[in-house]
> 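Sending over a structure as structure tokens; questions will come in a sec.
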Amino acid sequence: MTGLNTIGRSLLRDDADILESSSPGSTRVSSNAQRLKSIRSIQPGLVLAWFVMAVVVLWALFPQWFTGYSPTAGVARQQLRAPSAEHWLGTDALGRDVLARIIYGAGNSLSGAFVAVGVGLLVGTTLGIVAGSARGRIDGAIMRGVDVLLSIPQLLLSLSIVILLGFGIVNAAIAVGVTSIASFARLARSEVVRVRASDYVEAAFGSGGTFTRVLLRHILPNSLTSVIAFAALQLGWAILTISTLGFLGYGAPPPTPEWGLLIAEGRNYLARAWWLTTVPGIVVILVVLSANRISQSFGKARA
């Protein structure tokens, strides 16, 4: 009898637990807990990074929404004005609004960075996929060329290409893109080789799948995730490199607004007009850090 009573009490306790878990109040508690957990999972740094990138993209697409000043035309007797209510970030040596030049410069800097990443992504990924898929002599020939590109300092290679092509934001973007081809090719090849050696790809080949079908259906979709995350990281690097070329005088010619050129134009007035170089430099740093943070989130999502 004692054993039966014990079993009965345990069954009643289990039934009570089931009823309690199925009650509307417990459902509300669990939903609130899930909502609280999702709120806690929000990363402020990642949200800030997306916000910065969204603002900069809007600057590039719709600059007239954010300023009514011209980025190239100066105003007489307003040279080197400090930040004020009229000019939030001051004016430069020619009386041009610094904020307007930064906003309009986002279009040149971002477009150049996207072109650079596009060149590296398209050419480098194609070479990496061919090398990882073909193997043998083709793989060896492509990777030896990649090793040669990696042995040359990227800034030096960019300067050499810009000198050959000529100055300008487009040529600078192409030069930066060429220097990133090797990195994309090596990453894409390693991912293709890794995925191709997996069991499900071998099973696809064993079930009669052709090489093209297996490549398009299994290898490429599972290989390009890391490449896309790396492209986001390269976006920040491309902005920084294009700004460096602009600072050295190999980018967009004056009076075109471009972030690296803005920093170069203000360096001679650093002692009396700190905002000419400090503010564009802060913008470049924020955009590069934001792109890197977004790239890290892509890598964590893949892991």
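For the numbers below, each heavy atom of this structure counts, side chains included, while hydrogens, waters and symmetry mates do not.
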> With sequence neighbours excluded, tell me which residues meet side-chain hydrogen bond (donor to acceptor under 3.5 Å, both in side chains) with N171.
none
> If I take atom CG from residue L245 and atom CG from residue L155, how far apart are they, to the nearest 0.5 angstrom?
6.5 Å
> Taking only residues two or more places apart in sequence, or in another chain, which ones meet R137 in a salt bridge (charged side-chain N to carboxylate O under 4.0 Å, His left out)?
none
> Under the side chain to side chain contact (heavy atoms under 4.5 Å, CB included) criterion, do S183 and Q154 qualify, and how do the steps go?
CA-CA 11 Å; S183 301; Q154 292 182 331; 4.1 Å; yes
> When rounded to the nearest 0.5 angstrom, what distance separates CG in L157 from CD1 in I152?
5.0 Å
> Just say parallel, tilted or perpendicular for the rings of H87 and Y69, cut-offs at 30° and 60°.
tilted
> Starting at OG of S180, measure out to CZ of F230 and round the result to the nearest 0.5 Å.
7.5 Å
> Do V55 and I239 sit in one hydrophobic cluster, given that two such residues count as connected whenever their side-chain heavy atoms are within less than 4.5 Å of each other, even indirectly?
yes
> For residues S243 and V284, report the shortest heavy-atom separation together with the two atoms involved.
OG-CG2, 4.1 Å
> Applying side chain to side chain contact (heavy atoms under 4.5 Å, CB included), run through I294 and L235 and close with a yes or a no.
CA-CA 10 Å; I294 294 172; L235 179 65; over 6 Å; no
> Whether the side chain of T256 engages the backbone of P253 through a donor-acceptor N/O pair (distance < 3.5 Å, no angle test) should be reported.
yes
> Using the rule that Ile, Leu, Val, Met, Phe, Trp and Tyr join whenever any side-chain heavy atoms are under 4.5 Å apart, tell me whether L58 and L110 fall into a single cluster.
yes
> Give a yes or no on whether W65 and L61 share a hydrophobic cluster (residues Ile, Leu, Val, Met, Phe, Trp, Tyr; joining criterion: side-chain heavy atoms under 4.5 Å apart).
yes
> For the residue pair F66 and F62, what are the closest heavy atoms and their distance?
CD1-O, 3.3 Å
> Which pair of heavy atoms, one from W275 and one from R81, lies closest together, and at what distance?
CZ2-O, 3.2 Å
> Write down the atom of T72, the atom of P257, and the distance for their closest heavy-atom approach.
CG2-CD, 4.4 Å
> Is there side-chain contact between L187 and S190, with at least one heavy-atom pair below 4.5 Å?
yes
> Give a yes or no on whether V178 and L165 share a hydrophobic cluster (residues Ile, Leu, Val, Met, Phe, Trp, Tyr; joining criterion: side-chain heavy atoms under 4.5 Å apart).
yes
> With the side chain counted from C-beta on, respond yes when V176 and W237 share a heavy-atom pair under 4.5 Å apart, and no when they do not.
yes
> Are the side chain of D97 and the backbone of S70 linked by a donor-acceptor contact shorter than 3.5 Å?
no
> Rounded at 0.5 Å granularity, tell me how far CG in L89 sits from OG1 in T278.
11.0 Å
> Applying salt bridge (charged side-chain N to carboxylate O under 4.0 Å, His left out) as the test, list every pair that has at least one member in residues 153-162; sequence neighbours left out.
none
> At their closest point, which heavy atom of A175 faces which heavy atom of S158, and how far apart are they?
CB-O, 3.6 Å
> Can you check whether L156's main-chain N or O pairs, donor with acceptor, with S160's side chain at less than 3.5 Å?
yes
> What residues, two or more places apart in sequence or in another chain, satisfy side-chain hydrogen bond (donor to acceptor under 3.5 Å, both in side chains) together with D92?
R96
> Could you tell me whether the side chain of E258 and the main chain of L261 form a donor-acceptor pair under 3.5 Å?
yes
> Looking at G45 and R293, what are the two nearest heavy atoms and their distance?
O-CG, 4.1 Å
> Cut-off 3.5 Å, no hydrogens considered: what does the side-chain donor-acceptor table look like for residues 262-269, sequence neighbours left out?
from : atom 1 : to   : atom 2 : distance (Å)
E265 : OE1    : R101 : NH2    : 3.3
R267 : NE     : A264 : O      : 3.3

> When you compare the side chain of L233 with that of Q296, does any pair of heavy atoms fall below 4.5 Å?
no
> Do T67 and Y104 make a side-chain contact, defined as non-hydrogen atoms from C-beta onward lying under 4.5 Å apart?
yes
> If hydrophobic clusters are built by linking Ile, Leu, Val, Met, Phe, Trp and Tyr wherever their side-chain heavy atoms come under 4.5 Å apart, do V170 and V162 end up in the same one?
yes
> Please examine the side chains of T179 and L149, heavy atoms only from C-beta on, and report whether any two atoms are closer than 4.5 Å.
no
> Does R189 form a side chain to side chain contact (heavy atoms under 4.5 Å, CB included) with D139? I'd like the steps, not just the answer.
CA-CA 9 Å; R189 177 190 176 275; D139 182 17; 2.8 Å; yes
> Working to the nearest 0.5 Å, report the span between CD of E191 and OG of S226.
3.5 Å
> Quick one: pull up OG in S290 and CD1 in I285 and give me the separation to the nearest 0.5 Å.
11.5 Å
> May I ask you to decide if N108's main-chain N or O and S111's side chain share a donor-acceptor pair within less than 3.5 Å?
yes
> With distance as the sole test, does W88 use its side chain to make a donor-acceptor pair with the main-chain N or O of A85 at under 3.5 Å?
yes
> For residues 117-128, tabulate all N or O donor-acceptor pairs below 3.5 Å that involve a side-chain atom, not counting sequence neighbours.
from : atom 1 : to   : atom 2 : distance (Å)
T125 : OG1    : L121 : O      : 2.6
T126 : OG1    : L122 : O      : 2.6

> Are the side chains of I242 and S109 in touch, meaning some heavy atoms are under 4.5 Å apart?
no
> Checking W259 side chain against V283 main chain: does a donor-acceptor pair fall under 3.5 Å?
no
> Would the distance check show the side chain of T91 and the main-chain N or O of Q78 forming a donor-acceptor pair, the cut-off being under 3.5 Å?
yes
> Please walk me through it: do L286 and V56 pass side chain to side chain contact (heavy atoms under 4.5 Å, CB included)?
CA-CA 10 Å; L286 287 177; V56 173; over 6 Å; no
